[in-house]
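Reading through the C-alpha cells given below for one structure.
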There are 2 protein chains.
Amino acid sequence: MATIKDVAKAAGVSVATVSRVLNTSENVRPDTVEAVQRAIEELDYHPNFLGRTLRRLETMKILVIVPTISNQFYSRVIRGIQSVAHQNGYHVMLAITESGLDSEQEYVQMAQRKLVDGIIFLHSTLEPERINELADSCPVVCANEYIPHTKLSVVSIDNVQAGYDATSFLLENGHRSIAFVSASSLYSSSALRRDGYLKAMAEWGISAEESWFLNEGLTFKAGRRAADRLLQMENLPDAVFAASDSAAIGLISALSGHGIQAGKDISIMGFDNNQIAEYYIPALTTVSQPQMEIGQKAMELLINKIQNPSCEPQRVTLPHRLEIRASVRLAPSRPAREKERKIHP
Amino acid sequence: MATIKDVAKAAGVSVATVSRVLNTSENVRPDTVEAVQRAIEELDYHPNFLGRTLRRLETMKILVIVPTISNQFYSRVIRGIQSVAHQNGYHVMLAITESGLDSEQEYVQMAQRKLVDGIIFLHSTLEPERINELADSCPVVCANEYIPHTKLSVVSIDNVQAGYDATSFLLENGHRSIAFVSASSLYSSSALRRDGYLKAMAEWGISAEESWFLNEGLTFKAGRRAADRLLQMENLPDAVFAASDSAAIGLISALSGHGIQAGKDISIMGFDNNQIAEYYIPALTTVSQPQMEIGQKAMELLINKIQNPSCEPQRVTLPHRLEIRASVRLAPSRPAREKERKIHP
DNA sequence: TCACCTCCTGTAATCGGTTACATCTCCATA
DNA sequence: TATGGAGATGTAACCGATTACAGGAGGTGA
C-alpha cells in the first residue's frame, strides 16, 4: 500500500504539497500538480481517509438507528436521509435493532467513541435520561417518533391529527364500532394516533369499548393476532383502524380465511401507505406519510446541528394525507369524487 | 472531550498505562488499574476509536452494497450478515444503490481508502474487470448474484434448479403456456432462473414463445407492466412464473382489476417467499430462499477472507424450497398432502 | 552483597494524513 | 538598488490512540 510519503518521494516534493494537490487547494504550481498526479497514478495511490479523519476529528458518517428495515416505511425514510446525506458528503451507517443482537446502547457508544458525527433515531427504547446524556455529547435528531422528556429535534407528521382524520373518515362513512390495532406501549406515534382516535370517537359521542383496543403490535403477525381476538368477540366491530399497513394486511388476510371480506363485511383502515397498500386485494385505505421528506428533513436538521452545535432543537411537522381505496366501505351518500383529502397541519 | 492524555494526567500515570488498562492487557498493578478507572469515570472518558483504527489499520467495518432495501428479500439477507458480523465484532455499513445518488464506484472507493475492511455485493452493475481490480486490493464476497468473469466467493441458491423446479411444478399441474417475468439483463439470478425454465419446458417438449418473455423487471410496477402486456395477447397464458414476489403481486393485482383471478383463471408463481406472499390474497405460491443463511454464510466467507487474504474463493450453494399456496391452480389428480417439496442441491 | 529475573511503568516512535508557520524565490515598485 | 509582497514549497507539530523498547523497583539465590 502506497502512502502519501511514497508519493512525495516519487514526485520529488514534500508530503504537504501532495496533500495540497489531493485537496485541490490553493497555490501549487501547475507542473508540480502534474508531477504529483503522475506519481499518484504510477503508485496506484489511494489516500487513507483514516488519517484525515483523525486529524480533522470528523468522520463524515452518521448513524441511523432503526427498529427494522423489513417495513417499507423505514426504508423510504432511510432513502430520504441518504439523499440529503449524500448531497452533503456524508455516509450513512445503519443500526438495525430488531434482531436484538446489537443493543441500542452499543450503537450509541459508536457516537461517543467518535466513530460517527451524529445520530438519527427512527425509534428508541432507551430511557429519556440516557438519550439526553447522549445528546449532550453528540448531535441527535429523532424522526417519526417523539421521545418524551427529551430536548431533541423531531420530524414527524401530526399523529394525533392523523388518527383523528382516519377515525373521522370511518365515522363519516357510517361506521360506529371501531377497533384500534397498535403498539401504543412501544411507539409514541401509536399512542398519539390513539389519542386522535379517541378524540374523534368522543366528538361523535361514542365511548370506545375496552375490547376494541388491540395492542398487538404493528407487524403482519400482529394483525393476525388481532384478527383472532376480533373473531372471539360476540359482535364484530364495523371497522378496524390499524396503526400500520402491515397489521392491517395481517388482519385482512386472517379474516378472509374465515370468509370475512374487508371492504364488504368489515372496513379496515391502515397507516403508512406502503407500496403494498396499493397492490393488495382489496387495495388498502390508509394514511399516507411523506416518508422521504421526513428522512430528508431529519438529515437537514442533523447537519445543521453538526455544523452549529449550539442551535436550538426544532419540531418539524409534515403533512399527512388520507389515501382512500377499497378496504373501507363508503357510505352510499358520500360523493364519489372526494377521493382524497389533503390535511395540512 | 477528554483524551487518553487527560486520563493519564488525572491518574498520575503515563498514556501507555491507561492504554494497557483499557485493553485489559498484561501486567498492571491492581491499585493502578483502579486509579485509572477512577480517572476514566471522573472525566467521563470514552476512547476515540479512530486513533486505534489508524494505528491498527483495521476498521472493523464492512460494506454491503445492495440495490434496494424496500424488498424484504434484501432486508433478510442483511439481517443474516449483521448477525454474523456482530458476533465477530464487525459493524455493517449499507450502500443502497437504487437511488442512483451514490454510484457504486463511489462506495467502492471507501474500501480502497481503507474506510472498511471488506465488501459484500448483493448485486453489482460494475464491469467484471473493475470488480476483479477491487478484489485484488480488498476482500470481496458476492451473495445471491453471481458476477461472471470474476474470481469471487459466491453464496446463493442453485437458481437454474430453482427455475426448473418452479416451472416443472407448473407443468406437472397441467399448465402448458407459461410466461416468464424477470430482469434477466440486470440480474444473473434472473437469467439463471430462465435457463431452468427453458430446461423444464424443453423436457416437456414445449417451445416457449417469444412473447412469453416479459423482461419488465422485479418490482410491483414491473408486474403491472407485465400484466398490461399479457392483456394485449390474443391468448392469455395458463400461467406466469415471475422471478420475484413483488412482480408476481403487481401482476395479480393488475389482472384482478380486469376480472382475472390468480389461482382460478390464471396461475401465478412468485420467487423469494417474502412475508407478504403468505398474507396476500390469494396467498402466493413461490420459491423460498434461505435469505438469512445466505447473509450469514456470506459474512463468514468475508471474515475468513479478511483474516486469511490468500484463501481460495468458494462457491456455496444453499437449498431452496417450493412453497405451495393458492395462486397456482393444482391439477385435480394431484394428491393434497404433497404441499411442500424440499430440494437439496 | 551482587547478579539476575520478574513485574510494572514510562518514553517515544508510529499509524497516515492535515495544516500552521517558516522559508525561499521572484517580481514589482519606490 | 533596496524593499515589500505574493506565491510556492518545505518542516514539523498534531490528531488519539497502540506498542516496542528501555528502565526502575523489588525479590531471590548464590
Side-chain angles (χ1 to χ4, degrees), chain A residues 1-37 39-40 43-61 89 109-117 137-138, chain B residues 1-37 39-40 43-61 89 109-117 137-138:
Chain A
M1 240 352 240
T3 73
I4 199 170
K5 280 183 201 153
D6 302 324
V7 175
K9 195 178 292 178
V13 298
S14 73
V15 291
T17 301
V18 177
S19 178
R20 277 188 275 262
V21 171
L22 285 173
N23 297 289
T24 56
S25 63
E26 356 73 85
N27 305 343
V28 185
R29 233 176 40 220
D31 53 334
T32 310
V33 171
E34 206 186 322
V36 170
Q37 278 168 346
I40 287 175
L43 294 171
D44 190 32
Y45 166 72
H46 296 274
N48 181 329
F49 273 33
L50 294 174
R52 167 184 302 183
T53 292
L54 178 57
R55 178 64 215 237
R56 295 196 178 155
L57 292 182
E58 57 177 21
T59 61
M60 298 310 281
K61 290 200 195 72
Q109 287 196 341
M110 292 184 63
Q112 294 176 322
R113 290 173 174 169
K114 300 295 168 209
L115 293 178
V116 296
D117 294 344
S137 66
C138 154
Chain B
M1 234 2 237
T3 72
I4 199 170
K5 280 182 203 155
D6 302 323
V7 175
K9 195 179 291 178
V13 299
S14 72
V15 292
T17 301
V18 177
S19 177
R20 276 188 276 261
V21 172
L22 284 174
N23 299 288
T24 55
S25 61
E26 356 73 82
N27 303 344
V28 185
R29 233 176 40 219
D31 53 336
T32 311
V33 171
E34 205 184 324
V36 170
Q37 278 168 346
I40 288 176
L43 295 170
D44 189 30
Y45 166 72
H46 297 274
N48 180 329
F49 272 32
L50 294 175
R52 167 185 301 182
T53 292
L54 177 57
R55 178 65 215 235
R56 293 196 178 155
L57 293 181
E58 59 177 20
T59 63
M60 298 311 279
K61 289 199 195 71
Q109 289 195 340
M110 292 184 64
Q112 294 176 320
R113 289 172 174 170
K114 302 294 169 211
L115 293 178
V116 297
D117 293 346
S137 66
C138 155

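Side-chain contact between B:Val13 and B:Val18 is present, with at least one heavy-atom pair separated by less than 4.5 Å.
Counting all heavy atoms, side chain and backbone alike, B:Asp117 lies closest to B:Met60 at OD2-N, 2.8 Å. The two residues A:Leu54 and B:Leu50 have their closest heavy-atom pair at CD1-CB, 4.2 Å. Scanning both residues, A:Met1 and B:Gln112, for their nearest heavy atoms gives CE-O, 4.1 Å. In plain terms, the two heavy atoms of B:Ala8 and B:Ser14 that are nearest each other are CB-C, 3.7 Å.
The 5' end of DNA chain C is approached more closely, in terms of each residue's nearest nucleotide, by B:Gly12 than by the other of B:Gly12 and B:Leu54. Map A:Ala16 and B:Tyr45 each onto its nearest nucleotide of DNA chain D; the residue landing nearer the 5' end is A:Ala16.
Minimum atom distance to the side chain of A:Arg56 is reached by C:dT18, of the listed D:dG10, C:dG10, C:dT18. The side chain of A:Asn27 sits closest to D:dA8 out of C:dG10, D:dA8, C:dT18. Candidate nucleotides C:dC8, D:dT19, C:dG17 were compared by shortest atom distance to the side chain of B:Ser19, and D:dT19 ranks first. Residue B:Thr3 has its side chain nearest to D:dA17 when only D:dA17, C:dG17, C:dT9 are considered. Relative to the side chain of A:Val13, the nucleotides D:dA17, D:dC21, D:dG10 differ in distance, and D:dG10 lies closest.
A:Leu57 has its CG atom 10 Å from the C1' atom of D:dC14, to the nearest Å. The distance between atom CZ of B:Arg29 and atom C1' of C:dT6, rounded to the nearest whole Å, is 14 Å. Counting to the nearest Å, the P atom of C:dT14 and the CE atom of A:Met1 are 20 Å from each other. Atom CG in B:Asn23 sits about 8 Å away from atom C1' in D:dT18, given to the nearest Å. Distance B:Glu58 CD to C:dC15 C1': 13 Å, rounded to the nearest Å. One interatomic measurement links the two molecules: CZ of B:Arg52 to C1' of D:dG16, which rounds to 11 Å at whole-angstrom precision. At whole-Å resolution of the value, CE in B:Met60 and P in D:dA17 are 18 Å apart. A straight line from CG of A:Asn48 to C1' of C:dG16 spans 6 Å, rounded to a whole angstrom.
Phosphate proximity of D:dA8 to A:Thr17: absent, as no side-chain N or O sits under 4.0 Å from OP1 or OP2. OP1 and OP2 of D:dT19 both lie 4.0 Å or more from every side-chain N or O belonging to B:Arg55. Listed pair B:Thr32 / C:dT9 meets the phosphate criterion, a side-chain N or O lying under 4.0 Å from OP1 or OP2. The phosphate of D:dT9 (OP1 or OP2) has no side-chain N or O of A:Ser14 nearer than 4.0 angstrom.
At a cut-off of 3.5 angstrom, the base of D:dG10 holds at least one donor-acceptor pair with the side chain of A:Arg20.
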